[in-house]
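Single-structure report; data block below.
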Amino acid sequence: MPDNYYLDNFNTLVEFVAEHYWQLLNNEEQSFYRRYQSLDTPAQRLYIRLLSRRKSLFRQSKLHYEEIGHLDQAAIRLEQAGLVAIDPQLDIETLLQLFTRTDIQHALGVKSQSGRRAQLQQAISQHPQALAKLRRHERIIAVLEQQNFTVFRLLFFGNLYQDLTAFVLRDLGLQRYEPYRIDTDTLPFRSRSQLDKHLHYYACRELFDTAAAQGTTALLALNEQLPEPAADDHALQRRTEKLALAIARQLEREQANDEALSIYRQIVRAPARERLTRLLAKAGDTSAALALCTQIIEAPTCSEEFQFAAQFGQRLAKKNKMPWQGQATPTAPATTTITLPQTERSVELTAAAHFQQWGQCYYVENALITGVLGLAIWDIVFAAMQGAFYHPFQNSPADFNDPDFRVARQHLLLKRFAELENGALPGLVADNWQNKFGITNPLVSWRHLNIEVLELAIDKIPLNDWLALFEYLLQDLRNHRNGLPDLIFFPASGGYQLIEVKGPGDRLQNNQRRWMAQFNASGINHSVVNVEWESTVTAHA
DNA sequence: GTTGGGATTG
DNA sequence: GAATGTGTGTCTCAATCCCAACTT
DNA sequence: TGACACACATTCAA
Ligand SMILES: [Mn+2]
Ligand SMILES: [Mn+2]
């Protein structure tokens, strides 16, 4: 790694933002950028070093950065630029965070092994002389204006969960990204108010845990604070709705059902209507609950919601002797029970080893089917679309989880499906396995795949089955990429079977049932295998 | 004296 | 035995250091 | 730092 790596990375980030988003920056942020630019290199380095760490307060004696040289001078220039404070006023609690338990014992003149940290802190708080002794000969540096860098990060990445480590991981080869072209003409932020709303959202999210611990009033106050995203800002809509759903769910736990209900009423995103239905039913408003079920069935936002409404509606109607349209027809999958000696390994691997007797069996869960789709449509996932790629560290296009991902790429997908029908699948999978290996892709989990199971699967699974599986996945990439069976079994006698393993006490989950309904519709061979452990007690008896 | 959870680093 | 809610573990980037708990 | 699947407890109905 070059000596300047973190300086270069930081500069790349802030210069991109300054170039493309200067008009969105307020005076403070513009000043922040100018003041940073006016620093000499050692001061810039020190600032970035401090900015990259989790805490904002440091004892200078604990900082060891050979490449910076004299920290004293760098720190003073940063102070002159207003980017750090030296020896700031601190309350006792904050000050003590900077020192170890041993430091505090020494200042108090106590022997080691004398109490926990909390007790020592309590003790030293009463002794001004000991506190003064702690701080004597120490220069304390507080890094300032972190929030301004946070704004730059948000503008660059479009989120706050990525940071400068993304550059390092890429440069070390630990994360590889598809070399897509960045669409600098259509960047995600268009206005200051949009940016402010995003920042506001993150501020709210940071408050959530505290509010949840405080209870109903704090949760309701937080909900009031949530920003109102612009109609075309899908990213922020998704985030605020998820946070509102979390708030409402927590309100339910606090028994504040009416308050939760009124939040759910404002949200369509799942599982808002499901929660709403449950609350209405619990409150005894059966007809409203049933009406909502009907509404969901007519226009479901996802398969899970549809399945819920069909089952819950039927049950609720039956219980209350109310009329109900439609019969849920749960088809039980073929189920067998096998008894195996318990092993150190997981029940899935143990079962796979068992089936290995009759052919070849792999523990793949979601990785195989979604992975093959990912390899089959690799170029479409990363196709240049307006606004899809706006920084170099994306694992997927910006709209990957939106329903319109498919709509926007429909012509490409139709063409690809035609190619698949003409036998393109084996070639696409082999080529992309070869050419793209290790590159991050939202559908491909390289670690859980190997070329053997891929080749076997391509060989043994008929094309029509693949097309049916792909179709269901593409209907809702976000929600249909889980729930696939644990094992794929290729019997020596030919064909294949998808097997969901269930250990003692485990039962089919709803997403697994939904996949099995698809398997049924497409005639795909599948089963549930219940594993029981050979009891050593029984064996001896 | 060990260990387990972190923060930091590249 | 279903339905429902909640808790847990496993992926982790890997090597190193620090620190505060303890016969884990 | 979530997503995902599983483990476990409680409740309720037949
Ligand atoms: Mn599984
Ligand atoms: Mn299973």
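Values below: all heavy atoms of this structure, side chains included; hydrogens, waters and symmetry mates excluded. Below, chain A is the first sequence line, B the second, and so on; all start at residue 1.
Regarding I68(A), its CD1 atom lies at a distance of 13 Å from the C1' atom of dT9(B), rounded to whole Å. Rounded to whole Å, the distance from CD on Q97(A) to P on dG6(B) is 15 Å. Between the CD atom of Q162(A) and the C1' atom of dC13(C) there is a distance of 15 Å, given to the nearest Å. Atoms CD (E348(A)) and C1' (dC4(D)) sit 12 Å apart, rounded to a whole Å. For F167(A) and dT9(B), the CZ to C1' distance is 17 Å, given to the nearest whole Å. Rounded to whole Å, atom P of dT1(D) lies 13 Å from atom CG of L243(A). In this structure, CG of L508(A) is placed 10 Å from P of dA2(C), rounded to the nearest angstrom. R53(A) places its CZ atom 10 Å from the C1' atom of dT9(B), with the value rounded to the nearest Å.
Nucleic acid contact class of Y161(A) (heavy atoms, under 4.0 Å, all strands): sugar-phosphate only. Heavy atoms of K502(A) sit under 4.0 angstrom from primed sugar atoms or phosphate atoms, though from no base atom. Residue R275(A) is in sugar-phosphate contact alone, with no base atom involved, counting any heavy-atom pair closer than 4.0 Å across all strands shown. Residue E500(A) is in sugar-phosphate contact alone, with no base atom involved, counting any heavy-atom pair closer than 4.0 Å across all strands shown. Heavy atoms of Q509(A) sit under 4.0 angstrom from at least one base atom. If you check every strand for non-hydrogen atoms under 4.0 Å, F308(A) touches nothing. Nucleic acid contact class of E252(A) (heavy atoms, under 4.0 Å, all strands): none. Residue-level contact check: D171(A) touches neither bases nor backbone, having no heavy atom under 4.0 Å from any strand. Residue-level contact check: R49(A) touches the backbone only, with heavy atoms under 4.0 Å from sugar-phosphate atoms and none from bases.
Taking for each of R513(A) and L174(A) the nucleotide of DNA chain C with the nearest heavy atom, the 5'-most of the two is the partner of R513(A). With the nearest nucleotide of DNA chain D identified for both N482(A) and L160(A), L160(A) has the one nearer the 5' end.
For the pair E178(A) and K436(A), the salt-bridge criterion is met [side-chain N within less than 4.0 Å of a carboxylate O].
Each of L98(A), I104(A), T102(A) was evaluated against T100(A); a single residue qualifies, T102(A), per the side chain to side chain contact (heavy atoms under 4.5 Å, CB included) test.
Here the side chain of K242(A) is nearest to one of dT4(C), dA3(D), dA5(D), namely dA3(D). Out of dG10(B), dC6(D), dA20(C), the shortest distance to the side chain of M1(A) is found at dG10(B). With distances taken from any side-chain atom of K62(A) to the nucleotides dC4(D), dC19(C), dA20(C), the minimum falls on dC19(C). For Y65(A), counting side-chain heavy atoms from C-beta on, the closest listed nucleotide (dA3(C), dT8(B), dC19(C)) is dT8(B). For T100(A), the listed nucleotide lying nearest its side chain is dA20(C); candidates were dG10(B), dA3(D), dA20(C).
Nearest heavy atoms, P442(A) versus R481(A): O-NH1, 4.0 Å.
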Expected rows: protein N/O vs nucleotides 6-8 of chain C N/O, under 3.5 Å:
from	atom 1	to	atom 2	distance (Å)
dT6(C)	OP1	R253(A)	NE	3.2
dT6(C)	OP2	R253(A)	NE	3.3

- request: Assign a letter to each nucleotide of nucleotides 7-14 of chain D from its 5' end: B, base within under 4.0 Å of a protein heavy atom; S, sugar-phosphate only; -, no contact.
  value: S-------
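Taking atom C1' in both dT2(B) and dC4(D), the straight-line distance is 34 Å, to the nearest Å.
In this structure, R205(A) reaches the dT1(D) phosphate: one of its side-chain N or O atoms is under 4.0 Å from OP1 or OP2. The shortest distance between the side-chain N/O atoms of N511(A) and the OP1/OP2 oxygens of dA5(D) is below 4.0 Å. For the OP1/OP2 pair of dC18(C) and a distance below 4.0 Å, the side-chain nitrogens and oxygens of R101(A) include no atom meeting the criterion.
Checked by atom type and distance alone, the side chain of S56(A) never pairs as donor or acceptor with a backbone atom of R54(A) at under 3.5 Å. Without hydrogens or angle criteria, N450(A) side chain to V453(A) main chain gives a donor-acceptor distance under 3.5 Å.
By the 6.0 Å contact criterion, CZ on R116(A) is open, its count of non-hydrogen atoms from other residues, nucleotides or ligands being 12 or less.
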task: Before giving the answer on side-chain contact (heavy atoms from CB on, under 4.5 Å), spell out for N479(A) and S303(A) the whole-Å C-alpha distance, their side-chain angles and the decisive distance to 0.1 Å.
output: CA-CA 8 Å; N479(A) 294 304; S303(A) 328; 6.0 Å; no
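Atom CD of Q60(A) is separated from atom NE2 of H137(A) by 14.5 Å, given to the nearest 0.5 angstrom. Rounding to the nearest 0.5 Å places CG of L316(A) at 7.5 Å from CE of M322(A).
Between the side chains of N482(A) and Q512(A), no donor-acceptor pair is found at a separation under 3.5 Å.
Taking the six-membered ring where the residue is Trp, F156(A) and F393(A) present tilted rings, their angle falling between 30° and 60°. Ring-plane geometry between H391(A) and F157(A) is classed as perpendicular, the angle between the planes exceeding 60 degrees on a 0 to 90 degree scale with a lower cut at 30.
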